[in-house]
Amino acid sequence: MGIYLNPPSDGFADILRDGFYVDKTGLITYINQVMGTSRKLTCFSRPRRFGKSYAAQMLAAYYSKGADSRQLFHNLRVSNPPEGEKDRELADHEQYLNKCDVLFWDMTWFISNAENIEDTIRNLRIRVLEELKAEFPDYVKREKASLPEVLLNISAGTGRKFFIIIDEWDALFREAKEQTDLQKTYIQFLRGLFKGSQVSRFLKGAYMTGILPIKKYGTQSALTDFCEYTMLEPGVLAEYVGFTEDEVRTLCHKYDMDFEETRRWYDGYSFSRIGDVYNPNSVMKAVINQRFSDYWTQTETYESLMLYIDLNFDGLKDAVLRMLGGNQRKIDTGAFQNDMTSMKNRDDVLTLLVHLGYLAYNGDRKSVWIPNQEIREEFLRAIKNGRRKELVKAVELSDRILDATIRMDGDAVAEMISEVHMANTSPKSYNNEQALRSVVIMAYLSSMDHYIRFEELTSGRGYIDILFLPHKTSKKPALLIELKWNKSAKKAITQIGDKDYASFVRKFGHDQDLLLVGINYSEKTCRHTCKIERYKKYQKERN
């Protein structure tokens, strides 16, 4: 039993002792399946506080010869597989449980304990070789031998192979962003461990976890033999990115939490294989504290997000504003270099924000969006304290538009929507009701803090242009918005009444006030007009 060689199971035991563990040991079943095959190298990157270190400690506790963890896994999925796969999985379970020579290290530990960050790799090599020499004295002869060379000698002499686990593998790229020579030295160190014809002779498998995918040089990955799973392409490991919806429903039921409010705060990441995925750290903090808050963003200040929002790339301002308004944006992720400094355009920034967890990504549509209320608050915090004053102005203007709408000040709303139009839409493209809809949605981006937005809802008698229904915790009135082009705001209000859209709203179970908002744009006068009424009949029906 050592620190880096065949560590004990203390870390995972502490996790289980908390009593809130969500069983993710299916990941072990996957690693068992690829162990010793051509797919034995796994790199699984995902955002901070998404359970990366939990997974690494779980794997170390399971495989390490220095651990006695049978009881820890006794009631978990890896020891109790589904009936149809029971025989094969249990055979793998017995073959690997505490029977592997494991090397396990956390790169952030070595960075934090190095007098100079440049010493990180040297210190790592020295500490690991010290333990290997103590365990295998006959095979560590030369002081300056490389780590791969020592592992090859041990394997050749004893027949034993190693399973290597690296937690926060990309920490050097994040902590030493500008030190390219150090980064290249580190990549060469990893190449020695994981690339080449001799690797299979001493390596049974490997698991690396971090935030960033493996660094690219040009168009090529630095470690091409790894099977990579990322926030862009989680593949067969999608259910281990975070908590699945079924897991969150179970937690909410067990601990008497409002599932819909949990969804609003922490859902939003979605993968085609498994559906919705929730931020695990935030869900657990909400369960423990019995309170919804932005727990994930509390672990790191908004400055890191602000740094990227403030980059002056074409289209970045528009993308951020539209996502704040609840829309998705198309991106091209292919040119991203998998580091935090090589940003060349808007799409590189947005791709990095996907890997950092600030944006969700849909691989089928190739689009990104702000996943939930927690992250939305972080965006607003970063904008209000950043250098992009036009973004600050847009957010503040939207706040005023929503406030004026609730005060039923139609003239003020119309004037401010015109301001949004002038700031965000070219005259040539502003030529129909659909263009007006885009401007109105942009104008009401602050509504996302209080409302769920619906567009072009079929009511049975027509289409409701925009409906804002308040969240359960909001005291604000519902907003039913009808848009007109070259007609009148009054006619918009009349249409809402004639087609009885308000009765349709009641089907949503809404029992607060309802405001009817008619907005018109006249090409002749180049002016917006707005009329707002409270739906009194609806009020009487409630009473």
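Each of L132, L129, D101, V128 was checked for a side-chain contact (heavy atoms from CB on, under 4.5 Å) with L151, and the lone residue meeting it is L132.
In this structure, the salt bridge (Lys or Arg N to Asp or Glu O under 4.0 Å) partners of D170, at least two apart in sequence or on a different chain, are R174. Partners of T108 under the side chain to side chain donor-acceptor pair (under 3.5 Å) rule, at least two apart in sequence or in another chain, are D106. A search for salt bridge (Lys or Arg N to Asp or Glu O under 4.0 Å) contacts involving D181 returns nothing, not counting sequence neighbours. For A134, there are no side chain to side chain contact (heavy atoms under 4.5 Å, CB included) partners two or more places apart in sequence or in a different chain. Every side chain to side chain contact (heavy atoms under 4.5 Å, CB included) that S272 has, sequence neighbours left out, goes to D364. For F20, the ring-ring contact (aromatic ring centres under 6.0 Å, His included) criterion is met by Y255, not counting sequence neighbours. With sequence neighbours left out, the side chain to side chain contact (heavy atoms under 4.5 Å, CB included) criterion links E130 to I126, R127. Residues that satisfy the side chain to side chain contact (heavy atoms under 4.5 Å, CB included) test with K99, not counting sequence neighbours, are absent from this structure. Remark: Y54 pairs with no residue by the ring-ring contact (aromatic ring centres under 6.0 Å, His included) rule, at least two apart or across chains. Y62 meets the ring-ring contact (aromatic ring centres under 6.0 Å, His included) test with F73, H93; sequence neighbours excluded. F194 is linked by a ring-ring contact (aromatic ring centres under 6.0 Å, His included) to F226, counting only residues two or more places apart in sequence or in another chain.
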Could you go through residues 201-209 and list every donor-acceptor pair under 3.5 Å that involves a side-chain atom there, pairing it with any protein atom two or more places apart or in another chain?
residue : atom : partner : partner atom : Å
R201    : NH1  : Q198    : OE1          : 3.2
T209    : OG1  : F44     : O            : 3.2

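For N80 and N75, the side-chain atoms include no donor-acceptor pair closer than 3.5 Å. Using modelled atom types, one finds no donor on one side chain facing an acceptor on the other under 3.5 Å when comparing T333 with K366.
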